[in-house]
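Keep in mind that this is a model prediction, so the values were computed, not measured.
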Amino acid sequence: MSTTQSERLRELLAPLVSARELDLEEIEVTTAGKRRVLRIVVDSDAGVELDECAEVSRAVSEKLDETDAMGGAPYVLEVTSPGADRPLTEHRHYVRATGRLIKAQLTEGGELVARIVAVDDEGLDLEVPGLKGRKPTSRRLAFGEIAKARVEIEFNRKAAEKTAGAAAEAADVTDESQEEA
């Protein structure tokens with residue numbers, strides 16, 4: 001997609017998306033056989049529901065029908081939310097990933113896997129998991145130190161949190177029974 005077309009589509013569609021309190025993350029036009037695919041990626045701090053994607057799709061379709069932004073050739077419109085493996089490139093992406101495990105490629109080489117604890121204008125406060133039974137450690141990482149980053153998918157995170165919560169509850173019960181004795 002040409003920069004001019006991309007800019008024109010962004011200018012045309014950004015108000016429609018922001019009116020629904022969503023962020024316009026990406027606009028992509030690709031060729032699929034004789035047709036083109038216009039993929040619009042939207043997101044928000046609270047995530048994006050399927051119904052919101054449908055509303056945006058209808059509004060965008062109407063707006064594109066009113067203009068010649070896509071030209072006369074046929075196209076398929078897709079409105080979606082970002083995938084779980086999308087790169088973290090904007091400050092808001094890191095804020096939305098607070099509490100999640102990320103893998104960061106560092107500008108000075110190497111990589112770091114850690115959980116985002118907090119985000120501010122300068123960088124991230126992280127908890128680096130301990131290896132081989134060691135306790136996690138804290139680390140500060142400035143945005144300038146990050147070459148690229150993505151959220152790491154955790155399939156058993158909830159199970160680990162439940163186990164930790166059950167252990168904490170058991171400790172509380174033990175403490176209470178010892179106080180009563």
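- Inter-residue side-chain proximity for L12 and K63 is flagged as met; some heavy-atom pair is nearer than 4.5 Å.
- Rounding to the nearest 0.5 Å places CZ of R58 at 13.0 Å from CG of L16.
- Taken to the nearest 0.5 Å, the NZ atom of K103 stands 4.5 Å off from the CD atom of E152.
- Looking only at side-chain heavy atoms (C-beta outward), E25 and R92 come within less than 4.5 Å of each other.
- Counting heavy atoms from C-beta outward, I116 and I102 have side chains that approach closer than 4.5 Å.
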With side chain to side chain contact (heavy atoms under 4.5 Å, CB included) as the test, would you mind laying out the steps for L22 and V48 before giving the verdict?
CA-CA 8 Å; L22 298 172; V48 180; 4.2 Å; yes
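- Side chain of H91 to backbone of D120: a donor-acceptor contact under 3.5 angstrom is found.
- Between the CZ atom of F143 and the OG1 atom of T89 there is a distance of 11.0 Å, given to the nearest 0.5 Å.
- Taking CD1 of I146 as the reference point, atom OG1 of T107 lies at 9.0 Å (rounded to 0.5 Å).
- Both V95 and L124 are assigned to one and the same hydrophobic cluster, defined by single-linkage of ILVMFWY side chains at heavy-atom distances under 4.5 Å.
- A single hydrophobic cluster is seen to contain both L13 and V56, as judged by linkage of ILVMFWY side chains at heavy-atom distances under 4.5 Å, directly or through other members.
- In this structure the side chain of L112 reaches within 4.5 angstrom of the side chain of R139, judged on heavy atoms.
- Proximity of R140 to E122: side-chain heavy atoms (C-beta onward) are separated by under 4.5 Å at one or more points.
- Of the residues V17, L38, V42, the one that meets the side-chain contact (heavy atoms from CB on, under 4.5 Å) test with V79 is V42.
- With sequence neighbours left out, the side-chain contact (heavy atoms from CB on, under 4.5 Å) criterion links A118 to D125.
- Although no hydrogens or angles enter the test, the distance criterion places no donor-acceptor pair under 3.5 Å between the side chain of D68 and the main chain of G71.
- In this structure, P129 and A114 approach most closely via the heavy-atom pair CD-CA, 4.0 Å.
- Counting only residues at least two apart or in different chains, side chain to side chain donor-acceptor pair (under 3.5 Å) contacts with residues 34-57 comprise E28-R39, R39-E78, D43-R86, D43-R96, D45-R96.
- In this structure the side chain of V117 never reaches within 4.5 angstrom of the side chain of L126, judged on heavy atoms.
- Not one N or O on the side chain of E11 forms a donor-acceptor pair closer than 3.5 Å with the backbone of R8.
- Between E154 and R115 there is a salt bridge, since a side-chain N of the basic residue sits under 4.0 Å from a carboxylate O of the acidic one.
- Under the 4.5 Å side-chain criterion, counting only non-hydrogen atoms from C-beta, L9 is in contact with M70.
- Residues L106 and L88 share a single hydrophobic cluster, defined by chaining ILVMFWY side chains whose heavy atoms lie under 4.5 Å apart.
- By the 4.5 Å heavy-atom criterion applied to side chains, V29 and V37 are not counted as neighbours.
- When every heavy atom of A97 is checked against every heavy atom of V151, the shortest pair comes out as CB-CG2, 4.0 Å.
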